[in-house]
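Inspection log for the structure reproduced underneath, given as structure tokens.
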Amino acid sequence: AQKITQTQPGMFVQEKEAVTLDCTYDTSDQSYGLFWYKQPSSGEMIFLIYQGSYDEQNATEGRYSLNFQKARKSANLVISASQLGDSAMYFCAMRELNSGGSNYKLTFGKGTLLTVNP
Amino acid sequence: AAGVIQSPRHLIKEKRETATLKCYPIPRHDTVYWYQQGPGQDPQFLISFYEKMQSDKGSIPDRFSAQQFSDYHSELNMSSLELGDSALYFCASRKQGRSRAGELFFGEGSRLTVL
């Protein structure tokens with residue numbers, strides 16, 4: 001069963017505007033973590049922001065903020081003041097324990113391709 | 001700061017050939033992950049190692065094998081290559097217990113093309 005859902009295959013935003021990328025998740029764990037990664041056309045996977053399930057405040061990292069709504073199981077990424085260089089694929093991912101409970105792995109959503117228009 | 005190093009960055013092979021990808025984790029990181037990302041797809045977890053022992057296994061084909069060596073670098077061996085193996089292969093590393101987030105640090109990937 002898919003555990004991370006990103007419903008927007010593609011998004012467009014004008015330069016300098018804000019954009020929200022949606023992510024919902026499904027887990028029965030009490031402790032979990034949510035990540036957003038950026039993947040430009042060059043291919044590397046760049047960490048943007050992290051939110052722990054017990055964090056009371058929404059995470060922020062510069063122009064990135066995470067709108068965490070635990071009851072709704074959503075972890076949307078908000079990018080403020082978009083820049084042309086923000087054009088990339090964005091993946092939401094969830095940290096989950098392995099079957100033995102001894103280690104973590106990340107499970108990714110299908111991604112959202114963001115295009116910033118000048 | 002040192003990052004995760006993957007080699008080769010690009011690799012072209014024929015069907016039924018063998019390929020080996022290498023990953024050098026960030027110094028003092030003890031856990032290594034391998035992910036496969038097909039064209040237009042999300043990364044799929046293949047396998048992970050902690051302290052040189054396999055810690056978890058995902059959708060890794062039987063034709064693939066991997067190991068982590070005493071210096072913590074890891075190799076992914078792929079045999080009897082098929083066209084569908086063409087993908088970007090990521091290695092990621094972390095230090096267990098060190099990061100609150102459990103963040104995985106990714107390498108730049110090795111792009112395998114099977115002809």
Side-chain angles (χ1 to χ4, degrees), chain A residues 2-10 21 23 25 29 31-55 57 59 61 66 68 75 88-113, chain B residues 1 3-6 9-10 23 26 29-60 68 86-113:
Chain A
Q2 188 173 359
K3 297 189 176 183
I4 295 286
T5 303
Q6 295 180 252
T7 57
Q8 308 153 313
L21 307 183
C23 173
Y25 59 92
D29 293 342
S31 176
Y32 52 89
L34 296 154
F35 300 78
W36 278 91
Y37 282 85
K38 172 184 178 181
Q39 187 176 41
S41 57
S42 52
E44 69 266 35
M45 197 70 76
I46 302 167
F47 167 76
L48 294 178
I49 197 167
Y50 165 82
Q51 180 84 42
S53 58
Y54 292 118
D55 293 341
Q57 294 193 345
E61 291 284 348
L66 201 151
F68 182 48
M89 182 69 84
Y90 288 80
F91 288 100
C92 179
M94 182 169 64
R95 182 194 75 197
E96 56 182 339
L97 290 172
N98 65 353
S99 55
S102 62
N103 205 347
Y104 296 119
K105 64 180 180 183
L106 291 186
T107 300
F108 288 83
K110 296 296 183 185
T112 296
L113 182 63
Chain B
V4 177
I5 305 298
Q6 291 188 245
R9 293 293 310 282
H10 300 273
C23 169
I26 292 172
H29 279 198
D30 50 24
T31 306
V32 168
Y33 302 79
W34 285 98
Y35 281 82
Q36 178 193 55
Q37 186 179 25
Q41 302 296 313
D42 54 300
Q44 294 293 316
F45 171 71
L46 293 179
I47 196 167
S48 63
F49 294 89
Y50 168 63
E51 285 291 345
K52 291 152 279 184
M53 299 288 290
Q54 180 181 310
S55 59
D56 201 0
K57 195 171 182 179
S59 51
I60 184 169
Q68 186 180 30
S86 295
L88 187 58
Y89 290 83
F90 284 106
C91 174
S93 74
R94 63 182 281 258
K95 174 69 176 173
Q96 280 216 32
R98 185 63 182 259
S99 167
R100 180 184 69 90
E103 176 192 342
L104 272 62
F105 294 82
F106 282 83
E108 294 187 329
S110 292
R111 189 172 296 279
L112 171 66
T113 302

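Labels below follow one simple rule: chain letters A, B, ... track the order of the sequence lines, proteins then strands, and each chain is numbered from 1.
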Side-chain heavy-atom pair B:P43, A:M45 within 4.5 angstrom cut-off
yes
Between CD on residue B:Q41 and NZ on residue A:K110, distance to nearest 0.5 Å
5.5 Å
For the OH atom of A:Y37 and the CG atom of B:D42, what is their distance to the nearest 0.5 Å?
14.0 Å
Choice from A:A93, A:G43, A:G111 maximising heavy atom contacts with chain B below 4.5 Å:
A:G43
Within this structure, what is the CG-NZ distance for the pair B:L104 and A:K105, rounded to the nearest 0.5 Å?
12.0 Å
Could you check whether any side-chain heavy atom of B:Y33 comes within less than 4.5 Å of a side-chain heavy atom of A:L106, counting everything from C-beta outward?
no
Over 12 non-hydrogen atoms of neighbours within 6.0 angstrom of CD in A:Q57:
no
Does atom NZ (B:K57) have a neighbourhood of more than 12 heavy atoms from anything else shown, all under 6.0 Å?
no
About how many Å separate CD of A:Q39 and CZ of B:F90, when rounded to the nearest 0.5 Å?
4.5 Å
Minimum-distance pair of heavy atoms, taken over all atoms of B:Q37 and A:F91:
NE2-CZ, 3.4 Å
